Amino acid sequence: MRVFHLSAECFPIAKAGGLGDVVGALPKYLNAGDVNASVIIPYYDRPFVHQNTFITVYQGTFLLGDEPKPYHILKEQTDKLGFPLFMINVPGLLDRTEIYGYPDEQIQFIAFQLAFLDWMLHDPEKPDIIHCHDHHSGLIPFLINYAYRYNSLKDIPTVFTIHNGEYQGWMDWKQAAFLPAFDPWKAGYLDWDYAINPMAAAIKCSWKFTTVSPGYLSELLLNCKGLEPLFQAEWQKGLGILNGIDDSVWNPETDEMISPNYNTKTAGPGKLKNKKVLCTEFGLDHEKALVVFIGRLVTEKGADLLPEILLQSLNKSKEVNFLILGSGEKAIENSLAAIGEKFPTQCSVFIGYNEKLSHRIYAGADFLIMPSRVEPCGLNQLYSLKYGTMPLVSNTGGLKDTVRDFEKDNEGYGITFNTDSIAEAVTAIDRALTVYQDKTLLKLLRERMMSLDFSWNNSANQYIKLYQGLKPTLWNQA
């Protein structure tokens, strides 16, 4: 069974968040389960492209409105990522450095989708499933069904995965001029609240849609930027499949970015050695509990709550250190930086993102705090569990599905608190400090965390069952 994954991101080429991690890992695990999965992303002028060999497998021209646009389909020659990787180059639109942030971003992603569909018209080996990820490829299920040009593709099942319902790709109806002619009686499938909404269109027109955790699917029925009635109407098409982690990348026993490596049995001394190096680098005392935050400094992640959480905890206890890695809203960055200056021996702030440093922080930290307001799945808490770092998380989305409070559950291993509550987050840190002082309990909980299996194996099998249900007669042809 041939499955094409369309995405704006794919680790390690282009990653802004969890979307990139998922698309960079899921196809590899699908291929281990007798699926022929490939990834198609826009071309990015980035180091990965220049450091690897790409070959042109197709050249063509599509119409962006009335304007002919030449494009190239490039393929990474060795399949070194564990799956075939294709990149679509549209000169002037899909040949840039950054993933997002350009003023013509809507046109970029329209061009990405139209070039892909034009390629599919000419490719003799059609995919059996087209799997679209987030709004950047959300127009494809509609176009396949109702744009005259792609009528020959309409029998190909489409799956749409929602990684983050906060971003839906809204665009003015004027942008419809860039789309090929479609059945005007079906225009309502594109529309939501008097605008073109690619996410809404994909939910309406795809054969099945998924979310990246069961909990997040339930939350979308009640809170999703105005799409709640749509989710309530289409819920039977939906399936919540928890994301996994790529344990060939995120594994403290083999991770080349940390030193020393460690496993469940050697986690105590292994983490301590990593912590000592980390704390020395950032001017912190390794004997104190180290609580970290890794991620985007935005309100969605509850990062606006962090300054007050940190201040209250630091004023209350001298036995805790904080290390923050992330970037985002300037006001949050400045507030955190100010706390770092006020408490230089207990709080360090690294504004930006560094992949290697994130691995080292997971390995050296004692606790990870995630005060998220919205967390469709969350990967950071899964990475922390793998590295024996206890997650302190709000009760939302995928965090509820993956973190069990050790005081509320006999098999628990983390600490949970109510979303949007600074007081409860501070209490969670107090509870973490109590755990830190009880070395026997800390060792037990670390062993419990590190024995969990949140790899992609189980999740990939669920996707395989989903594909199989869409085209069961093709299953044995994979």
Side-chain angles (χ1 to χ4, degrees), residues 252 267-268 270-272 274-276 278-279 282 284-295 301-303 305-326 336 339 343 345-349 361-372 375 378 380-396 399-400 402-450 452:
K271 285 185 69 65
L272 180 58
N274 278 280
K275 182 182 181 181
K276 285 181 177 179
L278 191 66
C279 287
F282 287 96
L284 304 173
D285 183 351
H286 75 269
E287 293 188 355
K288 298 178 180 180
L290 178 58
V291 181
V292 301
F293 173 92
I294 301 173
K301 299 296 183 182
L305 307 177
L306 276 177
E308 186 61 26
I309 292 170
L310 266 60
L311 277 175
Q312 290 190 26
S313 294
L314 290 166
N315 285 323
K316 183 185 290 189
S317 174
K318 299 296 183 185
E319 299 306 314
V320 62
N321 286 333
F322 291 95
L323 176 57
I324 309 297
L325 170 62
L336 290 171
I339 295 172
F343 298 89
T345 63
Q346 281 187 272
C347 182
S348 187
V349 180
I361 291 175
Y362 285 117
D366 300 301
F367 305 97
L368 171 83
I369 187 164
M370 295 179 69
S372 306
E375 200 63 70
N380 288 9
Q381 83 278 12
L382 303 184
Y383 299 147
S384 74
L385 291 168
K386 186 73 175 180
Y387 284 69
T389 297
M390 178 183 284
L392 321 178
V393 304
S394 59
N395 283 313
T396 187
L399 301 180
K400 289 191 298 184
T402 55
V403 179
R404 298 160 64 178
D405 194 298
F406 80 94
E407 288 187 337
K408 302 172 185 176
D409 185 328
N410 290 334
E411 298 300 319
Y413 40 81
I415 295 175
T416 63
F417 55 89
N418 286 334
T419 308
D420 248 0
S421 174
I422 290 174
E424 288 211 19
V426 173
T427 299
I429 293 172
D430 292 341
R431 292 175 60 197
L433 295 181
T434 301
V435 171
Y436 185 74
Q437 296 303 319
D438 187 340
K439 300 305 181 186
T440 301
L441 176 60
L442 181 61
K443 182 175 184 293
L444 170 68
L445 294 177
R446 277 182 176 164
E447 290 176 352
R448 193 174 291 175
M449 285 182 259
M450 295 180 70
L452 299 169

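Nothing here was measured: the structure is a model prediction, and the numbers come from that model.
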So, [X] side chain and [Y] main chain: donor-acceptor pair closer than 3.5 Å or not?
X	Y	value
Asp405	Gly412	no
Asn395	Thr419	no
Gln381	Pro391	no
Lys301	Met370	no

From [atom1] ([X]) to [atom2] ([Y]), nearest 0.5 Å:
X	Y	atom1	atom2	value
Met450	Thr389	CE	OG1	8.5 Å
Leu382	Tyr387	CG	OH	12.5 Å
Gln312	Ile429	CD	CD1	9.5 Å
Leu336	Ser348	CG	OG	11.5 Å
Glu411	Phe406	CD	CZ	13.5 Å
Leu368	Ile415	CG	CD1	11.5 Å

Where [X] and [Y] come nearest, the two heavy atoms and their spacing:
X	Y	answer
Ala289	Phe367	CB-CE1, 4.1 Å
Cys347	Leu284	N-CD2, 3.7 Å
Val426	Ser313	CG1-OG, 4.0 Å
Thr345	Asn321	O-OD1, 3.5 Å
Gly378	Glu375	CA-OE2, 3.5 Å

Task: Sequence neighbours excluded, every pair satisfying salt bridge (Lys or Arg N to Asp or Glu O under 4.0 Å) that has a member inside residues 386-396 - done: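 Sorted pair list comes back empty.
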
Open item on the list: By the salt bridge (Lys or Arg N to Asp or Glu O under 4.0 Å) test, which pairs, at least two apart or in different chains, include something from residues 413-423?
Closed with: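 Passing the test, one end in residues 413-423: Arg373-Asp420.
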
- [ ] Go through the structure and list residues passing salt bridge (Lys or Arg N to Asp or Glu O under 4.0 Å) with Lys316, not counting sequence neighbours.
- [x]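 Partners of Lys316 under the salt bridge (Lys or Arg N to Asp or Glu O under 4.0 Å) test: Asp430.
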
- [ ] Would you please name every residue forming a salt bridge (Lys or Arg N to Asp or Glu O under 4.0 Å) with Glu407, sequence neighbours left out?
- [x]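 Result, salt bridge (Lys or Arg N to Asp or Glu O under 4.0 Å) vs Glu407: Arg431.
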
Below 4.5 Å, heavy atoms only, C-beta onward: do [X] and [Y] meet side chain to side chain?
X	Y	result
Ile339	Leu311	yes
Tyr413	Met390	no
Leu310	Ile324	yes
Gln346	Val320	yes
Leu314	Phe322	yes

- [ ] May I ask you to check whether over 12 heavy atoms, not counting those of Asn410, lie within 6.0 Å of atom CG?
- [x]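 Atom CG in Asn410 is not crowded, with 12 or fewer foreign heavy atoms closer than 6.0 Å.
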
Open item on the list: As a quick check of understanding, evaluate side-chain contact (heavy atoms from CB on, under 4.5 Å) for Leu306 and Ile369, giving each step before the final call.
Closed with: CA-CA 9 Å; Leu306 276 177; Ile369 187 164; 4.3 Å; yes

Under 3.5 Å, which donor-acceptor pairs link side chains of residues 438-445 to any protein atom two or more places apart or in another chain?
unit_1: Asp438; atom_1: OD1; unit_2: Thr440; atom_2: N; d: 3.4
unit_1: Asp438; atom_1: OD1; unit_2: Leu441; atom_2: N; d: 3.1
unit_1: Lys439; atom_1: NZ; unit_2: Tyr436; atom_2: O; d: 2.9
unit_1: Lys443; atom_1: NZ; unit_2: Glu447; atom_2: OE2; d: 2.6

Task: Distance-only polar pair, side chains of Ser421 and Glu424, donor-acceptor under 3.5 Å - done: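 Not at all, the side chains of Ser421 and Glu424 share no donor-acceptor pair under 3.5 Å.
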
Open item on the list: Do Ser317 and Lys288 pair up side chain to side chain, a donor and an acceptor below 3.5 Å, judged on atom types alone?
Closed with: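 There is no such pair (donor and acceptor under 3.5 Å, judged by atom type) between the side chains of Ser317 and Lys288.
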
Task: Listed partners of Tyr383 passing ring-ring contact (aromatic ring centres under 6.0 Å, His included), at least two apart - done: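 Here the qualifying residues are Trp250, Tyr362.
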
